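Remarks on the structure that follows.
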Amino acid sequence: MKIVLVIDQFDDSNNGTTVTARRFAGQLRRRGHEVVILAGGAPCEGKICAPVHRIPVFQKLIESQGMCFAKPDEEAYYTAFKDADIVHFYMPFRFCRRGEELARQMGIPTVAAFHVQPENITSSIFLGKNRRVNDFLYWWFYKVFYNRFDHIHCPSAFIARQLESHGYGAKLWVISNGVADAFRPAQVPRAPELEGRFTILMIGRLSGEKRQDLIIEAAKRSKYADRLQLVFAGKGPKEKAYRKLAAGLAHPPVFGFYGQDELRRLINMCDLYVHASDAEIEGISCMEALACGLVPVISDSPLSATGQFALCAESLFRAGDADDLARRIDYWVEHPEEKRAYAEQYALRQDENRVEACVARAEEMYASAIRDKRRKGYRKVPLSRWRRCTSPSCEAIRRNFCQGGTVRTLLFWLFTTLLSPILWLLDRLWLGARIEGRENLDAVQGGAVSIMNHVHPLDCTMAKVALFPYRLWFISLASNLQKPFTGWLIRFCGGVPLPEDIHGMAALERGMEARIRGGAFVHFYPEGMLVPYHEGLRAFHPGAFTTAVRAGCPVVPMMLCRRPARGLWAWRKKPCFTLRIGAPLYADASLPKKQAARDLQLRAEAAMLALERGETPPLAVGEPALDAE
């Protein structure tokens with residue numbers, strides 16, 4: 001399979017989600033899959049880069065958490081998604097949301113993962129325990145993103161229960177993020193600064209919900225405070241505050257960020273692992289420590305899944321209680337033999353969560369998502385009240401288009417025709433648009449199918465002006481007409497939304513044939529999705545050419561070409577456009593319909609490429625030659 005992983009950040013292993021994505025990608029490749037990463041940051045092998053989105057005011061806070069956000073980029077999405085079997089989204093933020101929309105347009109099956117616990121966000125603004133705010137974020141994540149998926153990856157049973165309780169109506173796959181095979185017990189000589197000390201480790205961001213402050217307080221209250229050495233592996237906005245809080249300890253804590261090999265060595269040097277986090281979807285860092293045979297003391301917070309790994313009561317402490325944590329630390333200092341016995345058990349238990357087994361389970365999820373997409377299509381998402389009020393009704397448009405009606409059709413044509421001078425002025429002044437080859441339309445007798453590359457949000461207005469005074473209908477994705485306000489512009493240009501079911505498609509096909517026989521043009525974007533300012537042509541869908549063959553009409557190829565912004569348009573940072581209209585192409589009547597449509601598609605692609613080069617396409621098979629005067 002070709003699998004695309006979409007995640008905002010992939011370069012730095014400074015958070016659990018990125019670590020998980022990197023391990024999944026590596027293991028999937030080892031199992032023979034082609035894996036493409038779509039993320040912000042620097043380029044590397046197997047990765048498609050998107051620009052990084054910087055958020056004013058909050059950027060410093062975001063960077064302090066070891067995060068970054070990627071900026072949507074249609075060219076990057078298209079390059080990554082092309083020929084993909086499935087796309088796996090990691091975050092509910094803007095980058096993944098836009099990616100899901102485009103994957104849907106391209107007809108690619110999708111799954112999502114739930115890696116962002118609301119408490120991870122709210123703790124950074126001191127609202128981590130505010131239930132209303134956290135419930136709102138669960139609702140908002142579902143409303144804007146997760147309601148579009150039939151399959152959601154949950155790293156733990158705990159987060160699956162949370163999603164069920166918040167109304168996430170999808171199949172929830174409980175699949176651990178997995179522990180890398182490198183994390184195993186090993187004899188490692190202690191660093192000199194740790195010699196003779198009982199070393200306590202915690203791995204994780206230095207942020208409020210991770211509660212490193214609780215470990216510092218517990219160390220101060222321990223009977224063995226003079227023997228304890230705290231090590232905090234991670235970075236974050238709380239480091240300065242934690243250094244100040246630890247001022248009274250006999251041995252100052254060690255703060256640092258470690259790569260995988262360094263971290264594995266560090267874990268095997270330590271005596272005890274403490275996971276004090278109030279909120280945790282799974283706790284991959286704790287799992288790594290346990291896999292190396294390090295006995296844990298874990299918070300029993302109801303908002304954390306990590307407590308599931310405790311094998312005895314002494315490995316759990318009351319969430320937020322420094323005294324109880326201090327007692328658990330003292331217990332393990334006083335019982336070294338019992339600690340050694342449990343160390344073996346913890347290491348063996350984590351063998352069940354090795355990343356190889358977890359990726360095999362993820363393959364089952366991918367296969368199930370692909371089967372469901374083929375069988376029943378995408379999950380339908382109800383429109384928000386805002387969109388219903390600010391965009392036209394797709395059902396009404398399709399119904400009116402398919403049923404026809406002479407008076408209604410003429411009124412709509414007259415109304416949209418009045419827009420043409422306005423659109424021409426807009427395109428000319430704003431985009432520097434030019435139109436070449438209108439004389440080729442003289443050869444069209446009756447209706448036709450027109451096609452054009454899709455490289456600008458307003459290219460429908462250019463087609464409308466170029467084909468004036470023909471009646472013109474645009475076949476568009478329903479999502480385009482459902483956009484607030486701009487959906488009405490597409491509607492007034494003649495937009496007709498594609499239905500999602502077979503019966504709707506059959507009715508639309510009949511409606512298109514009737515309109516073409518009535519002398520109208522039906523306009524297609526055979527490339528499908530919009531990729532702004534894309535050079536050249538992308539792969540075509542066959543719908544336009546099948547329609548032309550069934551309706552017995554020609555295809556009019558049009559190519560929207562870029563040109564440098566000069567003269568009156570020198571102020572534009574982006575190129576201007578020239579729309580070139582080619583001669584009509586006719587199907588080869590000697591071929592069966594399916595082969596005729598394919599032949600017509602290939603000739604249309606060649607004609608458009610010739611138009612892009614400024615050439616006149618040669619007369620092709622099936623075209624009527626004009627008598628020489």
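Worth knowing before you read on, the calculation uses all heavy atoms, side chains too, and leaves out hydrogens, waters and symmetry mates. As the structure is a computational prediction, the values presented were derived from the model and not from experiment.
Here the rule is ring-ring contact (aromatic ring centres under 6.0 Å, His included) with Phe95, and of Phe89, Tyr77, Phe69, Phe145 only Tyr77 fits it. Under the side-chain contact (heavy atoms from CB on, under 4.5 Å) rule, Leu560 has a single partner from Met608, His454, Glu612, Met462, which is Met462.
Between His523 and Tyr525, the ring planes lie perpendicular to each other; the angle is over 60°, past the 30° to 60° tilted range.
Under the side chain to side chain contact (heavy atoms under 4.5 Å, CB included) criterion, Pro564 pairs with Arg566, sequence neighbours left out. Under the salt bridge (charged side-chain N to carboxylate O under 4.0 Å, His left out) criterion, Glu527 pairs with Arg538, sequence neighbours left out. Annotation: salt bridge (charged side-chain N to carboxylate O under 4.0 Å, His left out) contacts of Asp83 (sequence neighbours excluded): none. For the side chain to side chain donor-acceptor pair (under 3.5 Å) test, residues two or more places apart in sequence or in another chain that qualify with Glu75 are His534. Applying the side chain to side chain donor-acceptor pair (under 3.5 Å) rule to Asn440 yields no partners; only residues at least two apart in sequence or on another chain are considered. With sequence neighbours excluded, the residues satisfying salt bridge (charged side-chain N to carboxylate O under 4.0 Å, His left out) with Glu436 are Arg580. Evaluation of the salt bridge (charged side-chain N to carboxylate O under 4.0 Å, His left out) rule for Arg30 yields no partner, not counting sequence neighbours. Checked against side chain to side chain donor-acceptor pair (under 3.5 Å), Asn147 has no partners two or more places apart in sequence or in another chain. Residues forming a side chain to side chain donor-acceptor pair (under 3.5 Å) with Thr547 (at least two apart in sequence, or on another chain): Glu509.
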| task | Go through the steps for Phe521 and Phe468 under the test ring pair (Phe, Tyr, Trp, His ring centres under 6.0 Å), then give the verdict. | result | CA-CA 10 Å; Phe521 273 56; Phe468 180 80; over 10 Å; no
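Legend: side-chain hydrogen bond (donor to acceptor under 3.5 Å, both in side chains) pairs involving residues 33-46, not counting sequence neighbours, sorted by first then second residue: His33-Glu363. Pairs engaging residues 102-115 under the side-chain hydrogen bond (donor to acceptor under 3.5 Å, both in side chains) rule: Glu100-Arg104 [sequence neighbours left out].
Put simply, OG1 on Thr461 and CG on Leu431 are 7.0 Å apart, with the number rounded to the nearest 0.5 Å. Taking CG of Leu498 as the start and CZ of Phe524 as the end, the distance is 7.5 Å to the nearest 0.5 Å.
Using a 4.0 Å cut-off between a side-chain N of Lys or Arg and a carboxylate O of Asp or Glu, Glu513 and Arg510 do not qualify as a salt bridge.
For the residue pair Lys2 and Ala80, the shortest heavy atom distance occurs at NZ-O, 3.4 Å.
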Please tabulate, one pair per line, all N/O donor-acceptor pairs under 3.5 Å involving side-chain atoms of residues 476-489, not counting sequence neighbours.
unit_1	atom_1	unit_2	atom_2	d
Ser476	OG	Asn480	ND2	3.1
Trp488	NE1	Thr390	O	3.4

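In this structure, Tyr142 has its ring center no closer than 6.0 Å to that of Phe149. Taking the six-membered ring wherever Trp is involved, the centroid distance between the rings of His153 and Phe114 does not fall below 6.0 Å. The distance between the ring centers of His88 and Tyr366 falls below 6.0 angstrom.
Atom CZ of Arg385 sits in a sparse spot, with 12 or fewer heavy atoms from other residues, nucleotides or ligands closer than 6.0 Å.
A cation-pi arrangement is found for Arg515 relative to Phe401, the charged atom lying closer than 6.0 Å to the ring centre and inside a 45° cone about the ring normal.
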